[in-house]
Amino acid sequence: MSRRPLVREVPPTTWFFRHPRYLRYMSREITSIFVGAYCVLLVIGLQRLAAGPVAWEGFLLALTSPGSIVFQFLALIAAVYHAATWFNATHKAMPIQIGEDFVPGKVISGAHYVAWAALSAAILHLAGVF
Amino acid sequence: MTQMKQRQVQLEVLRYNPDTDTETHFQRYEVSCNEEGVVLDALNKVKETVDPTLNYRWSCHMAICGSCGMMINGEPKLSCHTFLRDYEGVIRVEPLAHFPIERDLVTAPDDFMEKLKRVKPYLIPKEKKPISEGEYKQSPAQLTKFHQYSMCINCMLCYAACPEYGLTPKFIGPAALTLAHRYNLDSRDGGRAERQEVVASAEGVWECTFVGACSEVCPAHVDPAGALQQMKISSSIDWILEHLIPGGKS
Amino acid sequence: MDGLNVDTISTDVAIIGAGGAGLRAAIALAKTDPALRIALISKVYPMRSHTCAAEGGAAGVIKPDDSFDLHFDDTVGGGDWLSDQDCVEYFIHEAPRELQQLEHWGCPWNREADGSVAVRPFGGMKKKRTWFAADKSGFHILHTLFQTSLRFPSITRYDEYYALDLLVDDGRCQGVTAMEMRSGQLRQFHAKAVIIAGGGAGRMFPFSTNGAIKTGDGMAMAYRAGAPLKDMEFIQYHPTGLPNTGSLLTEACRGEGGIMVNKHGRRYLQDYGMGPETPVGQPQLKTMELGPRDRVSQAYWHELQKGNTVTTKWGECVLLDMRHLGEKKINERLPLVRELASSFLGIDIVKDPVPIRPVVHYMMGGISTNTAAATPLPGLFAAGECACVSLNGANRLGSNSLVELLVFGRRAALSAIEHIQGLPAANTAALNARAEETQLRIRELFSRTDGTESLYGLRKEMMDTMEKNVGIYRTEEGLQEGVDKIHELRQRYRRVILTDRTNVFNTDLFQVLELGSMLDCAEAVTVGALARKESRGSHQRLDYVKRDDENYLRHTMVYHQGLDVPRIDYLDVVITKSPPGVRDYSGDHK
């Protein structure tokens with residue numbers, strides 16, 4: 001005879017299948033696993049470097065195994081996707097107002113890409129690639 | 001009215017009547033509508049010509065009152081601003097997600113209303129000034145700084161889109177927090193510290209993981225996602241100043 | 001629904017309606033006396049109130065080139081001398097202060113470069129004095145008031161309570177019954193004073209700028225309780241509405257420089273006493289497109305008769321051309337207008353003129369009050385569109401009503417506080433008896449077995465009658481037909497069928513009740529229009545084309561007589577310093 005509000009449960013582990021937007025979000029978030037794993041790999045590499053030339057050569061060899069290559073490839077894609085989604089969203093968190101106008105989001109995001117490219121070029125140059 | 005083209009519209013509408021139902025069920029309707037119309041027009045046609053017992057909220061029919069939010073083909077939308085020309089086949093209409101269903105397409109917005117109040121969404125003036133001294137001066141640039149965030153029509157589409165709110169109902173949510181940000185950015189306001197306790201709490205901005213769904217569905221282009229990230233940054237700076245820098249204050 | 005007991009809520013002041021006027025009244029009560037218990041009752045959540053749809057702005061004298069005398073003259077002339085001049089005097093002096101107060105509460109008014117509040121030109125006003133917040137002024141005013149109201153714990157809100165009947169005993173209004181919409185439960189509010197701020201009743205017409213909720217429930221409630229409705233025949237047609245949905249395109253379109261042309265590209269307003277033609281993009285105040293709304297809407301009707309309108313798939317229209325304003329100005333000042341034209345008509349106002357036609361917008365008439373917002377029924381006050389003070393007379397100037405909400409919302413609160421001092425205790429038995437009458441009325445609807453009329457059928461007949469017989473131009477035959485038809489519909493309404501007989505959020509029930517309110521108000525409109533044998537402001541008759549100050553410099557007062565034809569009386573207009581003159585909107589006026 002009176003109200004009985006009905007609460008619709010949100011499935012806690014499969015909610016992100018409900019909309020493509022959520023799948024995109026989850027795939028963005030999952031990239032952090034690959035990025036994190038690659039960081040661990042770099043730390044291991046540093047440790048091997050400190051342990052001497054034999055350990056270092058062993059590390060470099062391990063990196064050429066098929067499994068390693070697949071992982072590095074996936075990690076690269078993940079890192080690029082991670083960075084791109086981050087750069088594209090950054091302007092929302094840092095609006096730059098000049099007078100009565102805002103600097104367009106594309107300019108702020110674009111500046112991130114430019115900085116990324118410049119840093120990458122500098123590092124590759126230092127590493128002797130060119 | 002001169003002749004305008006009609007089209008057949010098929011709706012699959014969620015029904016729930018607590019007097020008679022323990023669960024929801026869907027009901028199919030078919031009506032003919034003006035092809036330039038919106039889903040709300042189709043619902044009104046259903047109510048007038050087929051089923052007067054169908055219930056939903058609406059008022060302004062121009063996307064400014066915020067009454068008519070509902071899920072249309074799984075997407076939170078204002079039914080008065082959802083054009084039939086963009087849809088083919090059967091259109092599925094459900095009540096706004098993440099809120100309890102009162103009846104049919106009518107949800108209970110109590111949680112949102114309570115959260116709105118908690119963030120102290122009103123001007124807390126930086127300096128008191130009697131009315132007789134006239135207005136607080138505010139340049140057009142200062143107005144621009146917060147203006148976008150004052151456009152929220154309280155339609156709650158962002159709450160329906162936010163998976164965090166769906167999974168963690170204690171989250172204060174996009175619209176309420178954005179309104180706090182609107183006042184924080186207003187040059188006349190001095191209440192940021194007062195709002196901080198709620199805004200920077202675990203139920204506040206830190207519950208947000210920047211999914212960004214809220215901004216995607218917002219019909220008023222408020223960009224609540226941006227507002228929340230900006231508040232995360234300002235909260236962090238506050239915290240650093242307060243805890244790590246001697247003599248610093250938030 | 002169980003038992004004959006209707007739960008009682010005790011309060012000091014009950015406010016019906018939580019739009020601009022209701023919220024302003026609540027805040028004024030809470031600020032003046034924090035110990036007062038305030039019940040703010042609304043059939044919708046406050047943010048949904050139709051104040052949100054107002055676009056253009058709110059007028060108040062603040063600039064050095066302006067004066068109270070000018071605002072007075074503009075308002076009295078705009079109202080075709082039917083405004084009570086003591087009320088106008090009070091209003092114009094209060095207006096700037098109220099707008100400043102709103103600014104202090106955070107309202108995001110547009111600004112000049114120096115940081116002071118900006119004002120824009122508006123129809124019928126000699127000087128620029130309309131404060132504005134982009135083209136969403138009503139929206140920002142409503143949200144500022146609502147958000148400010150959250151500061152006051154003494155305001156208890158009853159959101160989604162449908163107010164039904166006033167409780168009157170001992171010759172005083174002492175409360176109201178209302179239904180909690182989500183449960184169907186009836187409640188009675190025992191109050192020492194009641195303020196009605198329930199808005200207008202434009203939905204009695206089929207084509208209006210009004211939202212679904214504008215059904216005159218507050219007006220009808222007061223009317224049934226014995227308070228007269230004043231000047232109901234004065235219905236404002238806003239000149240620029242979208243031809244398909246009726247949505248409002250603000251007068252600010254013209255204030256910023258938009259022009260109106262017929263199918264020959266001619267700015268036709270100059271043919272109707274509003275010339276000479278002003279340069280495009282340089283509007284001159286109080287002439288051409290900035291003439292008063294009644295004259296501008298009437299010009300459309302004449303153009304329609306002459307065959308000068310543009311035939312579109314949405315009907316006969318004229319064109320509103322804003323292309324010369326440029327994209328930057330449109331985005332800054334008229335963003336909502338651009339969005340509406342784009343989504344509903346598929347037209348970009350930056351590139352093309354937009355077809356428009358006059359559309360019902362506002363009711364100058366309403367519950368009769370004096371300048372103190374008091375109705376003739378002690379304990380009952382009213383403010384906003386539901387009230388008729390009379391500020392707006394026979395035709396309202398754009399941007400006067402948003403500030404009217406603030407001025408009279410506050411005034412109603414102050415009057416209510418005065419009224420409740422030293423009142424005798426209520427006779428709760430008598431009030432309970434009144435509440436039970438309401439309960440029986442609702443129960444009868446639910447248990448009716450001999451219903452024969454369809455809600456939608458009656459509603460359509462009412463709307464068609466109003467559209468056909470009570471339009472921009474009226475005739476004796478048309479009005480008589482309207483009076484008879486509405487009277488007949490009121491009788492047939494007693495046999496309307498309630499299809500949905502459940503309790504939870506029953507919108508079928510609310511729409512049936514709303515129809516009852518609209519029919520009551522419609523009868524007051526038609527009866528008043530038939531009896532007023534002159535043309536004045538927005539009441540234009542083809543058979544009595546002149547204004548008749550000798551016989552009709554008076555307000556029409558309509559009194560409810562149950563199912564019988566209402567009783568009409570007249571009340572003289574208060575003239576203080578401006579005797580009836582000529583409304584001059586030509587460019588040559590001084």
Side-chain angles (χ1 to χ4, degrees), chain B residues 1-5 17-20 34 36 47-49 52-67 81 83 102-104 106 108-109 113 116-117 120-123 125 129 131-132 134-140 142-143 146-147 150-154 179 183 186 188-189, chain C residues 44-45 47-50 52-53 62 97 100-101 103-106 108-117 134 136 139-140 143-144 147-151 159 182 211-213 244-248 311-315 336 339-340 343-344 346 455-456 499-500 502-508 511:
Chain B
M1 204 60 96
T2 48
Q3 279 302 94
M4 288 216 268
K5 274 188 70 181
N17 185 345
D19 272 3
T20 53
N34 185 329
E36 288 180 352
K47 191 167 170 69
E48 280 178 30
T49 60
T53 71
L54 178 60
N55 299 284
Y56 48 94
R57 293 186 176 106
W58 74 282
S59 187
C60 72
H61 205 291
M62 51 189 269
I64 194 85
C65 75
S67 306
H81 212 256
F83 292 87
E102 204 71 76
R103 170 107 187 257
D104 295 337
V106 178
M113 298 302 290
L116 202 58
K117 203 166 165 174
K120 302 198 184 193
Y122 37 79
L123 197 74
K129 186 169 157 171
I131 313 273
S132 49
E135 66 263 37
Y136 291 101
K137 292 278 187 256
Q138 182 171 72
S139 69
Q142 287 174 319
L143 174 63
F146 71 88
H147 197 256
S150 71
M151 304 296 268
C152 174
I153 65 175
N154 295 172
L179 203 50
Y183 282 103
D186 191 327
R188 304 166 287 184
D189 181 83
Chain C
V44 291
Y45 283 89
M47 318 76 90
R48 318 299 183 214
S49 305
H50 205 59
C52 72
I62 47 163
R97 207 171 47 78
Q100 297 285 22
Q101 173 65 85
E103 193 276 329
H104 277 230
W105 284 336
W109 299 116
N110 267 49
R111 303 281 176 160
E112 308 277 14
D114 68 354
S116 60
V117 169
K136 291 198 172 89
F139 165 81
H140 284 293
H143 281 250
T144 301
Q147 286 156 20
T148 302
S149 78
L150 297 175
R151 274 171 44 194
D159 297 325
R182 61 169 43 169
I213 58 178
N244 53 355
T245 58
S247 306
L248 176 68
T311 305
T312 72
K313 59 175 161 165
W314 306 292
L336 175 62
E339 205 278 325
L340 287 171
S343 42
F344 287 111
L455 158 66
Y456 304 105
T499 310
D500 185 346
T502 60
N503 294 306
V504 173
F505 217 94
N506 183 343
T507 56
D508 189 34
Q511 290 190 17

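Throughout, a chain's letter reflects where its sequence line sits, starting with A, and its residues are numbered from 1. It should be emphasised that the depicted structure is a prediction, and the values quoted were computed from it without experimental measurement.
Separating the OG1 atom in Thr245(C) from the CD atom in Glu36(B) is a distance of 10.5 Å, to the nearest 0.5 Å. Here the CG-CD distance, from Leu116(B) to Gln147(C), works out to 6.5 Å after rounding to the nearest 0.5 Å. Once rounded to the nearest 0.5 Å, the distance linking NZ of Lys120(B) with CG of Leu150(C) reads 12.0 Å. In this structure, CE in Met47(C) is found 4.5 Å from CG in Asn154(B), a value given to the nearest 0.5 Å. For the atom pair Gln138(B) CD and Asn110(C) CG, the distance stands at 10.0 Å (nearest 0.5 Å).
Ranked by heavy-atom pairs under 4.5 Å with chain C, the list Asp104(B), Asp186(B), Val106(B), Thr20(B) is led by Val106(B). Heavy-atom pairs under 4.5 Å with chain C peak, among Pro121(B), Pro125(B), Ala108(B), at Pro121(B). Here Ile64(B) is the residue among Ile64(B), Leu123(B), Leu143(B) with the most heavy-atom pairs under 4.5 Å with chain C. Put simply, of Ala63(B), Gly66(B), Ser139(B), the one with the most heavy-atom pairs under 4.5 Å next to chain C is Gly66(B). Between chain B and the options His140(C), Lys136(C), His50(C), the largest number of non-hydrogen pairs under 4.5 Å is found for His140(C). Counting heavy-atom pairs closer than 4.5 Å to chain B, the top residue among Thr144(C), Thr502(C), Thr499(C), Ile213(C) is Thr502(C). Interface remark: of the candidates Arg151(C), Gln101(C), Gln511(C), Arg151(C) forms the most heavy-atom pairs closer than 4.5 Å to chain B. Of the listed residues (Gly246(C), Ser343(C), Ser49(C), Ala53(C)), the one with the most heavy-atom contacts under 4.5 Å to chain B is Ser343(C).
Annotation: side chain of Lys5(B) is not in contact with side chain of Lys313(C) (no heavy-atom distance under 4.5 Å). Looking only at side-chain heavy atoms (C-beta outward), Thr49(B) and Tyr456(C) stay at 4.5 Å or farther from each other. For the pair Asn34(B)/Asn244(C), no side-chain contact is recorded, criterion being any heavy-atom separation below 4.5 Å from C-beta on. Between Lys137(B) and Ser116(C) the shortest side-chain heavy-atom distance falls below 4.5 Å.
The backbone N or O of Val44(C) sits nowhere less than 3.5 Å from a side-chain atom of Arg57(B) that would complete a donor-acceptor pair. Side chain of Glu102(B) to backbone of Val504(C): no donor-acceptor contact under 3.5 angstrom is found. One N or O on the side chain of Arg48(C) and one on the backbone of Cys65(B) form a donor-acceptor pair closer than 3.5 Å.
Contact detail for Pro52(B) and Asp508(C): the closest heavy-atom pair is O-CB, 3.7 Å. The minimum heavy-atom distance linking Phe139(C) with Ile153(B) is given by the pair CE1-CG2, 3.7 Å. Across Leu54(B) and Thr507(C), no two heavy atoms sit closer than the pair O-OG1, 3.6 Å. In plain terms, the two heavy atoms of Leu248(C) and Met62(B) that are nearest each other are N-SD, 4.5 Å. Nearest heavy-atom pair across Glu135(B) and His104(C) is CA-NE2, 4.2 Å. Between Arg103(B) and Asn506(C), the closest heavy-atom pair is NH1-CA, 4.2 Å.
Of the two parts of His147(B), only the side chain, counted from C-beta on, holds a non-hydrogen atom closer than 4.5 Å to a non-hydrogen atom of chain C. Only the side chain of Leu340(C) comes within contact range of chain B, with at least one heavy atom under 4.5 Å from a heavy atom of that chain. Both the backbone and the side chain of Lys129(B) come within contact range of chain C, with heavy atoms under 4.5 Å apart. At a 4.5 Å heavy-atom cutoff, Ile62(C) makes no contact with chain B through either its backbone or its side chain. For chain C, the nearby parts of Met151(B) are the backbone and the side chain; heavy atoms of each come within less than 4.5 Å. Using a 4.5 Å cut-off between heavy atoms, Phe83(B) touches chain C through its side chain atoms alone.
With sequence neighbours excluded, no residue satisfies ring pair (Phe, Tyr, Trp, His ring centres under 6.0 Å) with Phe146(B). With sequence neighbours left out, the salt bridge (Lys or Arg N to Asp or Glu O under 4.0 Å) criterion links Glu339(C) to no other residue.
Under the 30°/60° scheme for interplanar angles, the aromatic rings of His81(B) and Phe344(C) are found to stand perpendicular.
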